[in-house]
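Everything on this sheet refers to the single structure shown next.
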Amino acid sequence: MSRCRLIKVDDLDLHVEELDAVDGTPVLDITPWSSEFGPRGEIKQPTWTTRCLGCTSRSRTDAGEPTGR
């Protein structure tokens, strides 16, 4: 599962950025993000993962959505 930003819809072509996939890989499902699709309950994550990924935004529990860009 990967999270990306939808830039443009051109007929059946979706233009995205920040997708973690190999070019040409088929996309099986596209779902808009909402907190109901995220994990239930409190999120516990080691601090080293945030440091390694270079994430500097607020935590998931602050906004009910994943951290990242």
Side-chain angles (χ1 to χ4, degrees):
M1 184 163 79
S2 178
R3 192 178 79 175
C4 65
R5 183 178 316 275
L6 180 62
I7 303 302
K8 178 173 99 172
V9 177
D10 183 19
D11 197 23
L12 295 177
D13 293 329
L14 302 178
H15 299 260
V16 299
E17 61 183 26
E18 302 174 19
L19 179 64
D20 183 22
V22 175
D23 190 24
T25 301
V27 175
L28 302 178
D29 183 34
I30 298 181
T31 306
W33 170 259
S34 75
S35 59
E36 291 80 13
F37 295 129
R40 296 183 184 129
E42 182 182 356
I43 306 299
K44 294 184 180 182
Q45 176 176 314
T47 57
W48 66 264
T49 57
T50 302
R51 287 194 312 269
C52 287
L53 294 172
C55 298
T56 58
S57 65
R58 57 196 166 142
S59 70
R60 290 179 72 140
T61 55
D62 289 345
E65 59 188 44
T67 59
R69 297 177 189 204

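The structure presented is a predicted model; accordingly, all values stated were derived computationally and were not measured.
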Next on the checklist: Between L6 and L14, does the side chain to side chain contact (heavy atoms under 4.5 Å, CB included) criterion hold? Intermediate values first, please.
Outcome noted: CA-CA 7 Å; L6 180 62; L14 302 178; 4.1 Å; yes
Item to check | Derivation of the side chain to side chain contact (heavy atoms under 4.5 Å, CB included) call for V16 and R5 | outcome: CA-CA 5 Å; V16 299; R5 183 178 316 275; over 6 Å; no
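Annotation: side chain of Q45 is in contact with side chain of T50 (closest heavy-atom distance under 4.5 Å).
Qualifying side-chain hydrogen bond (donor to acceptor under 3.5 Å, both in side chains) partners for D10, counting only residues two or more places apart in sequence or in other chains: none. Shown here are the side-chain hydrogen bond (donor to acceptor under 3.5 Å, both in side chains) partners of E36, two or more places apart in sequence or in another chain: S34. T47 is linked by a side-chain hydrogen bond (donor to acceptor under 3.5 Å, both in side chains) to R51, counting only residues two or more places apart in sequence or in another chain.
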